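Encoded as structure tokens, the structure appears first; notes follow it.
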Amino acid sequence: LSEALAAIAAAESTRWGDLLDYRTEFARHETRVGGEWLDARVEAIRDEVRRDPRQGRYLLLIAPAGFGKSAFVTHQVRHDPSRAVHFLRQGMGNWDDPEAMLRSLEAQLRRRWALPMEDPEKAMDLRERFRHVLERAARKAREAGALIELWIDGLDEAFGPAGRFARSSPEEWLPALLPPGVLIGLTSRPGEHLLPLQDPRRPIRVLDLTQAIAAQLPDIRRYLEQESARRGLALSPAFLNALAEATEGCFLLAVQFMRDPGALQEYADHPERLPRGLEAWLQAEWRRIVRRAEGLREEKLRAALGLTAALFEPLSIEDLEELLTTARLPARSPAARALHHLEAAVRQAAHWLAHPAGNLRRTPLAWFHSRLREFLRDQTPVPVRRDLHRALMAACAGWEALPPNRPARTYALRYRLRHALAAGDAQALRQALLDPDYIAARLTVDEVLALAADAAAGAQAFPGPGAGDLAVISRFWQRRVNLVPEVRAWLGERWGGWVRMELGNELAGRLG
């Protein structure tokens, strides 16, 4: 009975907000073909953790874009649902926020091991509390003879050069030492952001798969053969071999080959045109998209698809239209023209979407893989890209005119600062951070630390007289990470006034 009551209390304490919904990520990887060679390597590291009574282990799996890291992680969690997981993702709301990551992993541990919140934990810093909950869970797991396993996928999407938390490092968020019986798996593209993790004093095993093409090719060949049979494509063994070799070990490329039957038939008829490797395929695909887009010149196509790539979270075309109406775009502006051609442009690249068969006007425009979004962003000329961010920034500034509880309003609150940063507009960024009504409203849809990170990024991006204020604002919210939820609930409608008074006092103190 006491165990049942603890489980109920743990479920109650994690019910609202902390548990993220990863169904979209699992849906991208419904099946997995092969990978036994990698499973065996990981199982050997699990055995190390089981045998070592002193400490747990980190496992860092490094591989290039499209290798299949996320498919591997979803496979691990499907195989054993007791394993906790978080996917660091740009363009998925707060998924790339380390604070949201720790809250979600903590909530999963509490539910799995029936660990309701204890009074001392309420006063702890988030990172300290995560370590404490991990130690509590590890003790219960050892008593049950079980292994605790957590997976964090995509470190580069948060901490890599293009990540929102590039000025931070994953090792700042994760315990230096792990309790016995704990394995934390990490995946990432290669990069300097991984160097602090590989400190020899940290108990970590590194699997660098950047050169593991030969190991991947049999799995890719088997996947292509199965998909050819399932879809009734009747592709010849010779062509399947050519397709597998053209992927150069990139599983994403194999999947994309099968998602576009029209292109596949073209390559079957003219195998000499088959691009080799992901980057060559992206360039060839862009040329195909441009050729197919009759009546839509390349610059219009670039701007329209660039508009979707400029979004920090997927919106449907209808939601995007609702958002941009608040900005009253000039008819000849790049953003207005991009919006006008958006639906036609997206139809040409629909096989790159996560939901290609969905209603394009009402389904959020989520790209199947982050590398596809990156490519579309890079196709947009820098001046056009800045103009698009400026239009989105202006639209987000009109958040009060948007209907409540709508995706467009949530988006405007969450990303006003990030669009100001991307547009290079220091004045708009500072104006937003000093607007207590906006800040009070934003903290109803965002984590406190994300707000602090945006302010810190502004202080670094725009040195000058206003940088000091931005740094003060960032520290102001960093110190109140744990305080804000309770204060907001207690003050209710007076919350905006508290923000105005406290933040004003902090800035006045800096000037004094």
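Atom set for the values below is all heavy atoms of this structure, side chains included, hydrogens, waters and symmetry mates excluded. Keep in mind the model is a prediction, meaning the values are calculated, not measured.
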Could you go step by step and tell me if Leu134 and Leu105 meet the side-chain contact (heavy atoms from CB on, under 4.5 Å) rule?
CA-CA 9 Å; Leu134 188 60; Leu105 292 172; over 6 Å; no

Would the number of heavy atoms belonging to other residues, nucleotides or ligands and lying under 6.0 Å from CG of Asn405 be above 12?
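It does not: Asn405 CG has 12 such atoms or fewer within range.
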
Counting heavy atoms not belonging to Glu43, are there more than 12 under 6.0 Å from its CD?
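Yes, the 6.0 Å shell around CD holds more than 12 heavy atoms from other groups.
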
Side-chain H-bond candidate by donor/acceptor type, Ser169 with His193, under 3.5 Å:
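No, because no side-chain N or O of Ser169 sits under 3.5 Å from a partner of the opposite role on His193.
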
Under 4.5 Å between any side-chain heavy atoms of [X] and [Y], yes or no?
| X | Y | result |
| --- | --- | --- |
| Leu443 | Leu413 | no |
| Ile473 | Arg430 | no |
| Trp367 | Trp352 | yes |
| Leu434 | Ile439 | no |
| Leu278 | Arg371 | yes |
| Leu365 | Leu315 | no |
| Tyr411 | Leu402 | no |
| Arg189 | Lys69 | yes |

Can you tell me how far the [atom1] atom of [X] sits from the [atom2] atom of [Y], to the nearest 0.5 Å?
| X | Y | atom1 | atom2 | answer |
| --- | --- | --- | --- | --- |
| Ile184 | Leu59 | CD1 | CG | 11.0 Å |
| Leu178 | Leu183 | CG | CG | 8.5 Å |
| Leu470 | Leu417 | CG | CG | 9.5 Å |
| Leu209 | Ile62 | CG | CD1 | 8.5 Å |
| Leu88 | Ile152 | CG | CD1 | 7.0 Å |
| Glu322 | Arg409 | CD | CZ | 11.0 Å |

Is the His389 ring parallel, tilted or perpendicular to the His419 ring (thresholds 30°, 60°)?
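Ring orientation, 0 to 90° scale: tilted.
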
May I ask you to decide if [Y]'s main-chain N or O and [X]'s side chain share a donor-acceptor pair within less than 3.5 Å?
| X | Y | value |
| --- | --- | --- |
| Thr74 | Ala71 | yes |
| Gln55 | Pro179 | no |
| Asp153 | Thr187 | no |
| Arg78 | Phe26 | yes |
| Ser316 | Asp319 | yes |
| Arg83 | Gln76 | yes |
| Glu157 | Arg89 | no |
| Glu106 | Leu126 | no |
| Asp219 | Gly35 | yes |
| Gln108 | Val85 | yes |

Can Leu150 and Ile148 be said to form a side-chain contact (heavy atoms from CB on, under 4.5 Å), step by step?
CA-CA 7 Å; Leu150 297 85; Ile148 284 188; 3.6 Å; yes

For ring pair (Phe, Tyr, Trp, His ring centres under 6.0 Å), just list the numbers for Phe67 and Phe251, CA-CA rounded to whole Å, side-chain angles, deciding distance to a tenth of an Å, and then say yes or no.
CA-CA 5 Å; Phe67 182 88; Phe251 233 111; 8.3 Å; no

Tell me, please, whether Phe312 has Arg414 positioned over its six-membered ring: NZ or CZ under 6.0 Å from the ring centre and within 45 degrees of its axis?
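Judged by the rule, Arg414 and Phe312 form no cation-pi pair.
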
Please step through side-chain contact (heavy atoms from CB on, under 4.5 Å) for the pair Leu194 and Asp156, ending with a clear verdict.
CA-CA 9 Å; Leu194 301 178; Asp156 52 285; over 6 Å; no

Would you name the heavy atoms of [X] and [Y] that are closest together and state the gap between them?
| X | Y | answer |
| --- | --- | --- |
| Ala166 | Gly160 | CB-O, 3.2 Å |
| Asp52 | Pro180 | O-CB, 4.5 Å |
| Leu109 | Ala137 | CD2-CB, 4.3 Å |
| Leu147 | Gly181 | CD1-O, 3.3 Å |
| Asp425 | Phe462 | N-CZ, 3.8 Å |
| Leu392 | Leu320 | CD2-CD1, 4.1 Å |

Ion pair check, [X] and [Y], cut-off under 4.0 Å:
| X | Y | value |
| --- | --- | --- |
| Glu121 | Arg110 | yes |
| Arg41 | Glu36 | no |
| Asp454 | Arg442 | yes |
| Glu135 | Arg131 | no |
| Glu118 | Arg136 | yes |
| Glu149 | Arg46 | yes |

Knowing that exactly one of Tyr22, Phe130, Trp151 qualifies, which makes a ring-ring contact (aromatic ring centres under 6.0 Å, His included) with His86?
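Only match with His86 under ring-ring contact (aromatic ring centres under 6.0 Å, His included): Tyr22.
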
Is there a salt bridge (charged side-chain N to carboxylate O under 4.0 Å, His left out) between Glu143 and Arg139? Walk through the geometry before answering.
CA-CA 6 Å; Glu143 292 171 4; Arg139 285 195 294 270; over 6 Å; no

Among Phe159, Tyr58, Phe165, which residue satisfies the side-chain contact (heavy atoms from CB on, under 4.5 Å) criterion with Pro170?
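Going through the options one by one, the only one that passes is Phe159.
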
Run Gln90 and Ser370 through side-chain contact (heavy atoms from CB on, under 4.5 Å) and show every step you take.
CA-CA 8 Å; Gln90 294 179 7; Ser370 58; over 6 Å; no

